[in-house]
Amino acid sequence: MDAQTIIAKRIALELRDGMLVNLGIGIPTLVANYIPPGTHIFFQSENGLIGTGPIPQEGLAQARLTDAGGRPVSAIPGASTFDSAMSFGLIRGGHVDVTVLGGLQVDEQGKLANWMIPGKMVPGMGGAMDLVSGAKRVIVAMQHTAKGKPKLVKRCTLPLTSARSVDLVVTELAVIAYTVGRATLVETAPGVTVEQVLAATESELTVAPQVLSMKI
Amino acid sequence: MDAQTIIAKRIALELRDGMLVNLGIGIPTLVANYIPPGTHIFFQSENGLIGTGPIPQEGLAQARLTDAGGRPVSAIPGASTFDSAMSFGLIRGGHVDVTVLGGLQVDEQGKLANWMIPGKMVPGMGGAMDLVSGAKRVIVAMQHTAKGKPKLVKRCTLPLTSARSVDLVVTELAVIAYTVGRATLVETAPGVTVEQVLAATESELTVAPQVLSMKI
Amino acid sequence: MRTITLEDAVARIPDGASLMVGGFMGVGTPECIVDELVRQRKRELTVIGNDTALPGVGIGKLVSANLVRKAIASHIGLNPETQKKMLAGQMEVELVPQGTLIERIRAAGYGLGGFLTSTGVGTVVEEGKRKVEVEGREYLLEVPLRADFALVQAFLADYLGNLTYALTARNFNPVIAMAAATVIVDAEHIVPVGMISPDQVMTPAPLVDYLVSRA
Amino acid sequence: MRTITLEDAVARIPDGASLMVGGFMGVGTPECIVDELVRQRKRELTVIGNDTALPGVGIGKLVSANLVRKAIASHIGLNPETQKKMLAGQMEVELVPQGTLIERIRAAGYGLGGFLTSTGVGTVVEEGKRKVEVEGREYLLEVPLRADFALVQAFLADYLGNLTYALTARNFNPVIAMAAATVIVDAEHIVPVGMISPDQVMTPAPLVDYLVSRA
């Protein structure tokens, strides 16, 4: 199983029936593929849709029904559409139960940097700052390291997305929970040891009394 | 012609095709009866309607289509309905071209008191403060005196509705315009002299070089 | 969203709760929920709504039954009982300009810390409020208004909880549906999923906690 | 509301104007108005929108034609030309969190002096902004964002100017229709008065200044 699949499958387990969930682009998008059958999740697309469905069959795409990247999507029965003020009211008002976002760095306190690399990549924050500041629960989906360098760092060197700490980071190696500004290693992926995780991590991690094996 | 009719007819002449207009309760409501034929005015009801129409025929009233007093109204073709946030967005955002409101007192600078008499009448301000603060043009429809006492006063003794001055006051005796904090008598009703108006007025009035006869 | 009987829905509301109630002079108020509040005699309520309607209508029923400790509203002029109780000190009334009231409720629902308005500047409404100047103009800082429960009257609800409202019965309903910890909805008609077009949904399903089931 | 030809509508927009443009990655952008802006070579524009779409799509066409002096947007990551021009100093770009951007536009349209948000606190977004504490929490004071023109894409418009939008093409459109001095609308379909039900109107007619007539 590749890293992305491990991460997406694990995060899917965090979602419960009836939740309103916003998935960022990249790995987070894959989470929708692993929702247990029979579970009804409301997926929000910040361009103004709840009830995002899979990519439509060829020949059925509708130019006015798109995801936040402007690509055609479908909608499930019971979907709703609204303007951008309402869409961000849902996000900023704490109505989104879970948001899953990609990450460039997460620091020891759970602060996330995921929207720019000064001088190199300045795409704009889009809805990322609103999502991290406003959603009830923030889960970061990212690979544990980038080009061999840890992404779980002592202190973010990249610009922060929010002053608010994320709740959970899921990588292909481990699950780390953040509570009261402390990072705790709670699960390791099958076949991965606590030592391997610690070695690939720059930030200090508290190791939970009982580290579980990631269910995927 | 009674005082109310004079006032309502005169104010109707201030309304132009395509305007969005909000009429308060009392005399202001009567203004709608004197719109010249062929003129399309959008009347707003602050409970969430543009396109308020006359009281429906008996047997046709719809419980969910009411004016701001909760009474059944009809709607003209091209009407629109919306929530209270939008309704007051229209009012506070300067989209209402004219509001016509009743008045208890108007002072020399055009400041209006129209929402309470301490210890006697405390109905709440409803939308009055928003209308006076937000509408493009504020017209006060009121009788010139109450129990023989002038309502155009030097300084309001009743609580103000807004710090913003009104634009025009129309009474059964006169039309008074307010610009840069100064009250100017611009019209008198047919058969009414400037002196009669001044005698019935406490506030200082500048008399326009040419006082016109109110068209009604 | 869960369906719930009227009795159970109201049983979840404790004495002393704060309630936002949809409606404008009773139009758009969930009368059956109000009636059940009276039947179960929920006391010491803080009621937030545009007005207190008339005696015997909407919030007016709660006032008449002496269940309201405090009302936050923009207008009480058409309910003499509210005025009488207020003047007699039997009921607290906080009068808020209508646009400020709905915007404070929206601010809570939309996660804002407050907003600046010129409504109320230079009037008694500014008492005790902070003033903030922006681009040379003075504004009042108004803060969000939240509640424990929103009591919402919808026209259509589908099985998931998507809602529409009809004509002027919309008023405060979609706004309070975002500003309360628990949202209880009574709908005039309940319809299967897919019968409300996505563009016509005015309150998306995830905002609704309880939908009162048909008897 | 007046109907107007596409050419005349765009002729009213002077060089240097500020434009709010509906759309999200081009979905819901009035492409015909954008094309006419390019044809008439309106220069030094300030463009306010969610994003700058892609080269050849929506606002992206204005960027490619070097007509944009400044863009105020939440995301430019999918348009490499915007990024290139920004880094080369040929175009100013103000990046605003999406929720803050739409709320700033709404604040202008709703007559607010500003609002308080926690989005951006503790990030580069807070630079140069006032902070206000409410109930022990710190917020940024964000101010209204206005424009000279709003360029709106509707799905249906009736003869009076009542508008509806379809699906995710709604996005910024109804919000910008309240925040600009002059509102120009292109509609996919123009229908007689009465064909849009009052409850389905998303932008009431009095907000519309010009409706682009069919060729």
Side-chain angles (χ1 to χ4, degrees), chain B residues 15-22 39-53 56 62 64-67 73-99 127 129-138 162-164, chain D residues 1-4 20 102-115 144-147 150 154 156-165 170 173-183 185 190-211:
Chain B
L15 308 186
R16 301 274 172 279
D17 209 55
M19 277 186 170
L20 178 58
V21 174
N22 188 299
T39 308
H40 188 289
I41 307 284
F42 295 101
F43 286 110
Q44 181 201 24
S45 183
E46 58 258 49
N47 52 328
L49 172 64
I50 290 177
T52 309
Q62 153 62 263
R64 295 178 217 83
L65 184 58
T66 48
D67 67 14
V73 290
S74 62
I76 61 169
S80 53
T81 53
F82 32 80
D83 67 30
S84 295
M86 173 68 169
S87 194
F88 280 82
L90 292 168
I91 291 168
R92 293 149 65 113
H95 306 286
V96 170
D97 294 295
V98 175
T99 185
M129 289 190 173
D130 302 295
L131 281 159
V132 178
S133 301
K136 276 195 203 125
R137 194 149 181 261
V138 180
S162 174
R164 178 245 175 110
Chain D
M1 192 277 287
R2 282 196 279 161
T3 52
I4 193 168
M20 287 176 175
I102 193 71
E103 199 69 19
R104 287 182 62 195
I105 296 170
R106 178 190 181 271
Y110 278 61
L112 304 179
F115 61 90
L145 190 56
R146 286 179 187 75
L156 301 181
D158 73 17
Y159 296 172
L160 286 169
N162 286 302
L163 308 181
T164 73
Y165 309 95
R170 189 175 337 182
N173 280 300
V175 187
I176 65 172
M178 293 183 74
T182 301
V183 175
V185 175
I190 300 177
V191 297
V193 171
M195 291 191 71
I196 306 175
S197 156
D199 283 341
Q200 282 157 35
V201 172
M202 297 171 190
T203 294
L207 294 169
V208 175
D209 295 295
Y210 296 103
L211 176 64

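Chain A is the first sequence line, chain B the second, and so forth, proteins listed ahead of strands; every chain is numbered from 1. When reading the values below, keep in mind they use all heavy atoms of this one structure, side chains included, and skip hydrogens, waters and symmetry mates.
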Top of [options] for chain D proximity - count of heavy-atom pairs under 4.5 angstrom:
options	result
Gly18(B), Ser133(B), Gly93(B)	Gly93(B)
Gly48(B), Ala75(B), Ala85(B), Gly134(B)	Ala85(B)
Pro77(B), Gly94(B), Gly78(B)	Gly78(B)

For His95(B) versus Met178(D), what's the shortest heavy-atom pair and its separation? CE1-O, 2.9 Å

For the candidates Asn162(D), Thr203(D), Asp158(D), which exhibits the highest count of non-hydrogen atom pairs separated by less than 4.5 Å from chain B? Asn162(D)

Using the rule given for side chain to side chain contact (heavy atoms under 4.5 Å, CB included), can you reason through Leu207(D) versus Leu90(B), listing the C-alpha separation, both sets of side-chain angles and the distance that settles it, and then say yes or no? CA-CA 9 Å; Leu207(D) 294 169; Leu90(B) 292 168; 3.8 Å; yes

Quick one: what part of Asp199(D) sits under 4.5 Å from any heavy atom of chain B, side chain, backbone, both or neither? both

Is any residue of residues 190-198 of chain D within less than 4.5 Å of chain B by heavy atoms, and which ones? Val193(D), Gly194(D), Pro198(D)

Begin from the C-alpha positions of Met86(B) and Tyr110(D) and carry the test side chain to side chain contact (heavy atoms under 4.5 Å, CB included) through to its verdict. CA-CA 8 Å; Met86(B) 173 68 169; Tyr110(D) 278 61; 3.4 Å; yes

Atom pair CG (Leu160(D)) and CD1 (Ile76(B)), whose distance is rounded to the nearest 0.5 Å: 7.5 Å

Heavy-atom distance under 4.5 Å between the side chains of Pro206(D) and Gln44(B), does that happen here? no

